[in-house]
J.: 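I have a structure I would like to understand better, so I am pasting it below and will then ask my questions one at a time.
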2 protein chains.
Amino acid sequence: MPIGIVGGNAERNRDHNQRVVLEYVRTNEPAGRAEIARSCSLSIQAVSNIAAVLESQGLLKPDGHRTGVRGKPALQYRFNPDGAFAVGVELRPDAIVVSLLNLSGELSYSKRITSVVADPQTAVLQILGLLEEAMTETNRERSHLLGAGIVMPGPFGQTALTSAGEAVLPGWDNLDPQEVFEKSLNCPTLIENDATAAAVSERVAGVAKGLDDFCFVYFGAGIGLGVISNGHIQRGAYGNAGEIGHIITQFQGNQCACGNKGCLETYASRFAAIQYMQKFGIDLSTGADFAKLLQESNPHMLDWLDQAGGHLSQVIGTLENLYDPQTIILGGALPDTVIDALIERIELPVGSVSNRADRQIARLVRGFSGRQTAAIGGAAMVIHQTITPSHLTLA
Amino acid sequence: MPIGIVGGNAERNRDHNQRVVLEYVRTNEPAGRAEIARSCSLSIQAVSNIAAVLESQGLLKPDGHRTGVRGKPALQYRFNPDGAFAVGVELRPDAIVVSLLNLSGELSYSKRITSVVADPQTAVLQILGLLEEAMTETNRERSHLLGAGIVMPGPFGQTALTSAGEAVLPGWDNLDPQEVFEKSLNCPTLIENDATAAAVSERVAGVAKGLDDFCFVYFGAGIGLGVISNGHIQRGAYGNAGEIGHIITQFQGNQCACGNKGCLETYASRFAAIQYMQKFGIDLSTGADFAKLLQESNPHMLDWLDQAGGHLSQVIGTLENLYDPQTIILGGALPDTVIDALIERIELPVGSVSNRADRQIARLVRGFSGRQTAAIGGAAMVIHQTITPSHLTLA
DNA sequence: TACTTAACTCAAGTTAGTTGAGTAAATAAT
DNA sequence: ATTATTTACTCAACTAACTTGAGTTAAGTA
């Protein structure tokens with residue numbers, strides 16, 4: 001019943017510490033117990049006990065001894081990526097994608113079906129079937145299933161903006177999808193939007209591995225934003241944070257479906273590109289069309305990219321100034337070459353808190369997971385939640 | 001040595017639980033122990049022990065018994081605002097403000113001196129003197145001093161943007177102010193920028209009391225932004241988050257000191273107003289000048305306000321879309337009437353995630369603390385840190 | 001007046017972490 | 001080659017803080 005901040009006890013503390021150790025090993029492997037203890041402010045003995053538990057659960061595995069330094073060689077622990085797995089599901093009106101990820105975020109299975117009826121009952125049955133199939137294919141036991149992360153278009157009972165070209169799922173209006181999936185899949189379930197899921201997937205296994213502060217600009221039908229800050233997902237007060245597509249980049253500009261004029265989405269989204277090219281009689285309905293036109297250096301395509309790049313530059317600059325992230329990632333349902341072409345065209349302001357000399361990573365990078373981002377992101381959400389400790393920080 | 005996420009043990013757990021109980025009582029007082037236990041997922045016995053400790057520390061106090069319901073009447077606890085206090089200091093090249101706040105964030109003392117030499121040694125001595133004076137004036141014991149929050153212009157060893165009209169403190173370049181103040185004041189010390197401190201002060205005792213997600217747009221010399229998200233301060237990867245003043249609102253617009261063109265700060269900041277009015281030979285160096293010209297409906301002043309309001313509208317809309325906050329607060333070193341005049345001129349987009357029917361608070365409000373915001377904010381930071389538990393959430 | 005409900009106390013029990021002494025195994029110094 | 005030093009780790013005893021369960025108290029209700 002109680003939701004929100006709660007008190008701790010020995011059991012919850014133990015849980016927390018397991019996560020802390022797991023997360024430390026994941027991002028610093030290989031690591032010995034003494035090292036872990038120092039870094040996590042725990043006693044060696046405590047780490048020893050915790051490591052033993054995690055090893056017995058198959059989440060950690062020993063990997064030889066460290067040599068070359070003084071003292072007794074430390075037994076090095078590594079993350080055991082195959083100790084558990086998570087399912088990610090992307091549910092859209094026209095397709096379902098089911099992906100299996102191991103604990104390291106490596107994709108071990110993925111299947112996409114396009115003959116979809118997206119109403120609740122049918123969709124759930126289809127997903128269940130795909131999950132069973134995936135588990136037999138990959139020889140996984142259900143007991144190792146951490147949970148499921150579902151990425152689907154919302155909103156659910158929340159006020160939100162209507163976006164251009166965004167399809168809605170039929171029949172889900174009055175349902176709580178979290179509840180529906182939790183019951184039918186019979187495992188812990190998370191529901192998330194595509195941008196946030198993509199951001200998490202980059203952190204679990206992509207270009208943001210080890211980063212605690214970054215933004216992911218997601219090109220779906222519209223444009224979304226996922227923000228990880230201090231290692232935690234930012235959702236805002238009502239779960240609608242990151243509505244980057246409706247930032248106005250042009251005073252009195254294009255009419256947007258949301259009612260405003262000049263929204264970023266009307267210039268730089270996939271849907272915007274489709275509309276733009278339509279004016280010249282060019283069909284751009286698939287991602288392949290995009291890539292092909294770009295490769296051919298189609299002048300209209302290049303024009304669109306230039307224009308989109310200009311609008312994106314403004315918004316990316318704003319993100320840097322507001323969030324002060326380690327990096328900003330671009331990705332989603334566009335071919336890699338198109339993302340790269342956009343990145344090339346984005347001019348980052350010289351005067352920015354992000355323009356620092358000691359950068360470890362570029363200010364702007366392309367996401368790793370490409371088209372499957374959403375489903376992978378769903379599974380990554382589960383892994384993220386399993387791994388990420390809920391904050392107990394020391395100054 | 002270890003910074004970041006750490007493991008927990010009995011002692012840290014206890015600390016956490018004390019905060020959880022304290023925070024619960026603060027926001028839900030009066031509250032009985034059984035009620036607290038249920039809400040915080042702790043046993044009644046645990047809450048009993050914790051409450052006894054907090055009472056002995058003077059942080060909680062019993063306040064009669066609850067009647068009217070069945071069962072043994074619960075002893076109701078209340079927050080004891082005068083059980084402890086915090087000092088806030090605003091240190092600027094031309095002034096020092098020292099304020100004392102009780103645990104509820106109520107101002108019990110404040111003094112501003114303007115004959116200041118801001119070099120480290122002198123400033124520290126002056127602050128120490130003011131603190132002693134404040135404690136004798138208000139009859140406070142040093143043992144009840146929670147800590148000090150210092151608000152001063154940075155940056156300190158960090159890459160950051162140069163802002164127009166921003167004065168730098170002489171002699172602090174190679175010092176760690178946190179260390180300097182911690183040693184000289186001999187109490188826990190926090191250093192924060194004005195915008196963040198202001199945001200926290202609104203949460204501790206102002207219009208954001210009880211809010212976990214909001215933004216504070218701070219008018220100092222430039223324009224700053226403080227963001228509280230999920231009850232936590234957002235600082236970004238390098239502590240430079242919230243550089244709202246350098247968001248570009250006008251393509252190829254005014255030249256800004258940061259090197260870019262068209263930054264918000266060149267249109268809507270106090271410094272921008274001073275420059276704007278200078279063109280008409282009008283002096284605007286004090287806040288009183290501002291208020292006076294506004295009251296007289298000076299046409300240039302009104303022109304400036306209209307223009308500033310336009311630029312602010314853009315940025316405020318962006319904040320709503322990105323952070324999905326419960327509200328956005330405007331405040332800082334401008335007279336209340338000027339802030340109100342700006343708010344009047346800000347047009348909030350209809351198409352926004354913030355345009356919801358079930359709002360409890362306006363989308364845009366004025367901060368409560370006015371000119372003293374910064375010093376009060378410093379003290380509020382200390383209270384915030386004392387009270388806010390470091391996240392152990394239950395789904 | 002007796003019953004029910006609920007808050008609370010007391011004392012014992014549990015859990016997970018800490019502490020300190022001791023052992024093992026490597027590098028570094030002599 | 002031998003000794004010293006450093007570091008990692010184990011074992012067993014200890015400890016802090018929360019939980020549990022059996023009362024006790026005191027109000028409202030039948």
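These figures come from a predicted structure and were not determined experimentally. Lettering of chains follows the sequences in order, A, B, ..., and the numbering in each one begins at 1.
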J.: Out of D:dT19, C:dA6, D:dT10, which has the shortest distance to the side chain of B:L42?
T.: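 Within the option list, the nearest is D:dT19.
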
J.: Of A:R70 and A:E11, whose nearest nucleotide on DNA chain C comes first from the 5' end?
T.: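 On the 5' side of the pair lies A:E11.
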
J.: Check the distance between C:dT9's C1' and B:K72's NZ and give it to me in whole angstrom.
T.: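 Atom-to-atom, B:K72 to C:dT9, this comes out as 8 Å.
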
J.: Are more than 12 heavy atoms from other residues, nucleotides or ligands located less than 6.0 Å from atom CD of A:Q178?
T.: yes

J.: Quick one: is B:N17 getting a side-chain N or O under 4.0 Å of the D:dC18 phosphate, OP1 or OP2?
T.: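 Answer yes for this pair, as a side-chain N or O of B:N17 is under 4.0 Å from OP1 or OP2.
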
J.: Please figure out whether A:A34 or A:G71 has its closest DNA chain D nucleotide nearer the 5' end.
T.: A:G71

J.: Mind calculating the distance between CG (B:N49) and P (C:dA11) to the nearest angstrom?
T.: 13 Å

J.: Rounding to a whole Å, what distance do you find between B:R14:CZ and D:dT19:P?
T.: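 So the CZ-P distance, B:R14 to D:dT19, works out to 14 Å.
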
J.: Identify whether any heavy atom of A:R66 sits under 4.0 Å from a base atom; if not, whether one sits that close to sugar-phosphate; answer base, sugar-phosphate or nothing.
T.: nothing

J.: Look at the side chain of A:Q45 and the base of D:dC11, then say whether one donor and one acceptor between them are separated by less than 3.5 Å.
T.: yes

J.: Could you work out which one of C:dC8, D:dA8, C:dA16 sits closest to the side chain of B:R33?
T.: C:dC8

J.: Can you tell if the side chain of B:R142 reaches within under 4.5 Å of the side chain of B:L131, non-hydrogen atoms only?
T.: yes

J.: Heavy atoms under 4.0 Å, any strand shown: does B:A46 hit a base, just sugar-phosphate, or nothing?
T.: base

J.: Does A:S48 reach a base, just sugar-phosphate, or nothing at all? Heavy atoms under 4.0 Å.
T.: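 Contact class for A:S48: sugar-phosphate only.
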
J.: D:dA16 C1' sits how many Å from B:D15 CG, rounded?
T.: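 Rounding to the nearest Å, CG of B:D15 and C1' of D:dA16 are 13 Å apart.
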
J.: In whole angstrom, what separates B:Q76's CD from C:dA6's P?
T.: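 Taking atom P of C:dA6 as the reference, CD of B:Q76 is at 15 Å.
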
J.: Mind calculating the distance between CG (A:N9) and C1' (C:dA16) to the nearest angstrom?
T.: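 In whole Å, C:dA16 C1' lies 10 Å from A:N9 CG.
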
J.: Assuming nearest nucleotide by heavy-atom distance, tell me which of A:P73 and A:S43 is located more 5' along DNA chain C.
T.: A:S43

J.: Testing A:I50, A:N17, A:L54 one by one against A:L22 for a side chain to side chain contact (heavy atoms under 4.5 Å, CB included), which residue passes?
T.: A:L54

J.: Between A:A10 and A:G32, who's closer to the 5' end of DNA chain D by nearest nucleotide?
T.: A:G32

J.: Strictly below 4.0 Å: does B:N13 bring a side-chain N or O up to OP1 or OP2 of D:dA17?
T.: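 For D:dA17, neither OP1 nor OP2 has a side-chain N or O of B:N13 closer than 4.0 Å.
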
J.: Find the distance B:I44:CD1 to C:dC10:C1' and express it as a whole number of Å.
T.: 14 Å

J.: Looking at B:S229 and A:Q234, what are the two nearest heavy atoms and their distance?
T.: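 Closest pair (atom of B:S229, atom of A:Q234, distance): OG-OE1, 2.7 Å.
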
J.: From the options C:dT18, C:dC8, C:dA24, select the nucleotide whose nearest atom is closest to the side chain of B:L75.
T.: C:dC8

J.: Less than 4.0 angstrom from a charged side-chain N to a carboxylate O is my criterion; do A:R26 and A:E23 meet it?
T.: yes

